[in-house]
**Student:** 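Just passing along the structure, written as structure tokens.
Per chain, numbering begins at 1; letters A, B, ... match sequence-line order.
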Amino acid sequence: MSADEFIVTPWHVEGDIDYDKLIEKFGTQKISPELLEKIKSMTNEDHFMLRRGIFFSHREMNRILEDYEKGNEFFLYTGRGPSGHTHIGHLVPWVFAKWLQDKFDVNLYFQLTDDEKFYSKTNLTLEETKKFAYENALDFIALGFNPEKTKIIINTKNIQTLYPIAAQVAKKINFSNTKATFGFTNETNIGMIFYTSLQSAPCFIEDKPVLIPLGVDQDPHFRLTRDIAQKIGKQKPALIHNIMIPALTGPGGKMSASEEKGTIYTTDTPDVVKKKINKYAFSGGQPDIEQHRKLGGNPDIDVSYQYLRIFFEPDDSKLKKIYEDYKSGKLLSGELKAILIEKINEFLKTHQEKREKAKQQIEQFLLENK
RNA sequence: GGGUUCGUAGCCUAGCCUGGUAGGGCGAUGGUCUCCAAAACCAUCGAUCGUCGGUUCAAAUCCGAUCGGGCCCA
């Protein structure tokens, strides 16, 4: 695969992603300065993930905001395919969703697609994906969502609620649509073919517009949803997309929950975090200290720096100093890694405590079938 | 229901026709080198060849059954 090639699908991400090209390819909208300004004025906050382009693209986010200003409330929807334990990259859209919920005081649905991971991963059983769904739910709850306004959907558990909606959707999507959208072939099992209608279902679970913060790789599902929304008398879901979080071992792919090494899990101990970062994090440093002092490092490809930018250092001035110091060669890669390790462990310490408490709270978050 | 094809280390795969206990690539691990990581270079680990049975002195290789995956037809 050459440098300018990349693949982004809901099941596979590969290569060095050019996000401008991706916007063009997917037909989404880049988040404009005007939109940023609008969000800022409506929330009274300049969220670092927006400011820094971690969320970089959208579909009709402006419509959602305009409607909201007219007094029409929306709701939020995001989710996770429970194919493994939660890693820090998964937290990006969730944290952002939490922020949106706080700012707009709206309902949020979180879908755990245990059926989909069972369909798409040959080596996972339904029992395993259900178990991961529970584990992932704990991480989600640990972020502090409002239980009054937040419901967790587990596909196999909530099928009764989802199915009537999914049926409406499924009738409007034919095999050619899914083939074109997802690259399905005759080998694809029929669970996968139907599945997209279940991922669409929560979009219409309330009779209000929906805004979906999510990783851009999941966009294709909602492209289909948007295509058929009017046909079933519903509004198109609006989306806001975040970039793929690079694996520890380097750019050229998102963090995969199935690759132990290149991944920081939310349950990792401080020692493990330290070891993983030091041992695996791809650096933008020079081959030796002398050259590094002289030539400086490249924070733009340095994974440790990227993690700080994406998640762990919301303070712009601190981040800027790290950027400049690293670029100038003042800051060594080992030192940069130490900063990140400290930040991650600080975060995980409280996260893990909240995650423990979540075991007691989970019941009140799970959606009840009506 | 009929047909067909495949099942070899974590992954991909050679070998099967012409039986003599398996070879490669990726990955992983360790080392050298680096402030780390990467790259590079060394080195190492790893498969009783889906399962059961048969033929044979000897089977991943032949035969039968069975389980599992794929495709085609109905």
**Student:** Please name all residues satisfying side-chain contact (heavy atoms from CB on, under 4.5 Å) with A:Gln364, sequence neighbours left out, ordered by chain then number.
**Tutor:** A:Pro147, A:Gln361
**Student:** For the side chain of A:Lys337, counting heavy atoms from C-beta on, which of B:C35, B:C36, B:G70 is nearest?
**Tutor:** B:C36
**Student:** Please state how far atom CZ in A:Arg293 lies from atom C1' in B:C36, giving the value in whole angstrom units.
**Tutor:** 13 Å
**Student:** Closest-nucleotide mapping onto RNA chain B: is A:Ile289 or A:Lys275 further toward the 5' terminus? I mean the 5' end.
**Tutor:** A:Lys275
**Student:** Between A:Glu313 and A:Arg309, does any side-chain N to carboxylate O distance fall below 4.0 Å?
**Tutor:** no
**Student:** B:G30, OP1 or OP2 - any side-chain N/O from A:Lys279 closer than 4.0 Å?
**Tutor:** yes
**Student:** How close or far is atom P of B:A38 from atom NE2 of A:His292, stated in whole angstroms?
**Tutor:** 16 Å
**Student:** Distance between the C1' atoms of B:U13 and B:A39, in whole angstroms?
**Tutor:** 27 Å
**Student:** Just jot down the side chain to side chain donor-acceptor pair (under 3.5 Å) partners of A:Asp325, sequence neighbours excluded, or say none.
**Tutor:** A:Lys321
**Student:** Just to be sure I understand the geometry, which residues of residues 326-335 of chain A put a non-hydrogen atom under 4.0 Å away from RNA chain B?
**Tutor:** A:Leu332, A:Ser333, A:Gly334
**Student:** Could you tell me how far apart A:Ile339 (CD1) and B:A37 (C1') are, to the nearest whole angstrom?
**Tutor:** 16 Å
**Student:** Under 3.5 Å between N/O atoms: give me all the protein pairs with nucleotides 72-74 of chain B, atom names plus distance.
**Tutor:**
{"residue": "B:C72", "atom": "OP1", "partner": "A:Asn186", "partner atom": "ND2", "Å": "2.7"}

**Student:** Does B:U29 have OP1 or OP2 under 4.0 Å away from a side-chain N or O of A:Tyr280?
**Tutor:** yes
**Student:** Whether A:Lys179 engages the ring of A:Phe175 as a cation-pi pair (distance to the six-membered ring centre under 6.0 angstrom, angle to the ring normal within 45°) should be assessed.
**Tutor:** yes
**Student:** Please enumerate all residues that pass side chain to side chain donor-acceptor pair (under 3.5 Å) together with A:Glu206, with sequence neighbours excluded.
**Tutor:** A:Asn107, A:Tyr109, A:Lys208
**Student:** Per the side chain to side chain donor-acceptor pair (under 3.5 Å) rule, what does the pair list look like for residues 95-104 of chain A, sequence neighbours excluded?
**Tutor:** A:Glu45-A:Trp99, A:Glu45-A:Lys103, A:Lys98-A:Asp102, A:Gln101-A:Thr150
**Student:** I need the CD-P distance between A:Glu342 and B:C36, as an integer number of Å.
**Tutor:** 21 Å
**Student:** Under 4.0 Å between a Lys/Arg side-chain N and an Asp/Glu carboxylate O for A:Asp105 and A:Lys149?
**Tutor:** yes
**Student:** If the threshold is 4.0 Å, N to carboxylate O, is there a salt bridge linking A:Arg52 and A:Asp316?
**Tutor:** yes
**Student:** Given that both pair distances must be under 3.5 Å and the pair must be Watson-Crick or G-U, what runs of three or more consecutive pairs involve RNA chain B?
**Tutor:** B:1-7 with B:67-73, B:10-13 with B:23-26, B:28-32 with B:40-44, B:50-54 with B:62-66
**Student:** Can you tell me how far C1' of B:C36 sits from CG of A:Asn298, to the nearest Å?
**Tutor:** 15 Å
**Student:** With a 4.0 Å cut-off on N to O distance, would you call A:Lys130 and A:Asp114 a salt bridge?
**Tutor:** no
**Student:** Pairs under 3.5 angstrom, nitrogen or oxygen only, protein versus nucleotides 10-12 of chain B, please.
**Tutor:**
none

**Student:** Whether A:Glu135 and A:Lys131 form a salt bridge (side-chain N of Lys/Arg under 4.0 Å from carboxylate O of Asp/Glu) is what I want to check.
**Tutor:** no
**Student:** Rounded to the nearest Å, what distance is computed from the NZ atom of residue A:Lys294 to the C1' atom of nucleotide B:C35?
**Tutor:** 17 Å
**Student:** Less than 4.0 Å between a side-chain N and a carboxylate O, is that true for A:Arg226 and A:Glu60?
**Tutor:** yes
**Student:** I'd like to check the side-chain contact (heavy atoms from CB on, under 4.5 Å) partners of A:Asn174; sequence neighbours left out, ordered by chain and number.
**Tutor:** A:Ser176, A:Asn177
**Student:** When rounded to the nearest Å, what value does the distance between C1' atoms of B:U5 and B:C16 take?
**Tutor:** 15 Å
**Student:** Could you list the protein-to-nucleotides 4-7 of chain B atom pairs, N/O on both sides, closer than 3.5 Å?
**Tutor:**
none

**Student:** Between A:Glu69 and A:Lys38, does at least one N-O distance fall below 4.0 Å, as a salt bridge requires?
**Tutor:** yes
**Student:** For A:Asn44, what residues pass the side chain to side chain donor-acceptor pair (under 3.5 Å) criterion, not counting sequence neighbours?
**Tutor:** none
**Student:** In terms of side-chain geometry, is the basic nitrogen of A:Glu356 or A:Lys359 positioned less than 4.0 Å from the acidic oxygen of its partner?
**Tutor:** yes
**Student:** Using atom CG of A:Leu248 as one end and atom C1' of B:C36 as the other, report the distance to the nearest whole Å.
**Tutor:** 13 Å
**Student:** In this structure, how many angstroms lie between the C1' atom of B:C33 and the CD atom of A:Gln291, rounded?
**Tutor:** 13 Å
**Student:** Check salt bridge (Lys or Arg N to Asp or Glu O under 4.0 Å) between A:Asp219 and all other residues, then give those that pass, not counting sequence neighbours.
**Tutor:** A:Arg59, A:Arg223
**Student:** Does A:Asn189 or A:Asp302 map to a spot on RNA chain B nearer the 5' end, using the closest nucleotide for each?
**Tutor:** A:Asp302
**Student:** What are the two closest heavy atoms between A:Lys276 and A:Ile264, and how far apart are they?
**Tutor:** CB-CD1, 3.8 Å
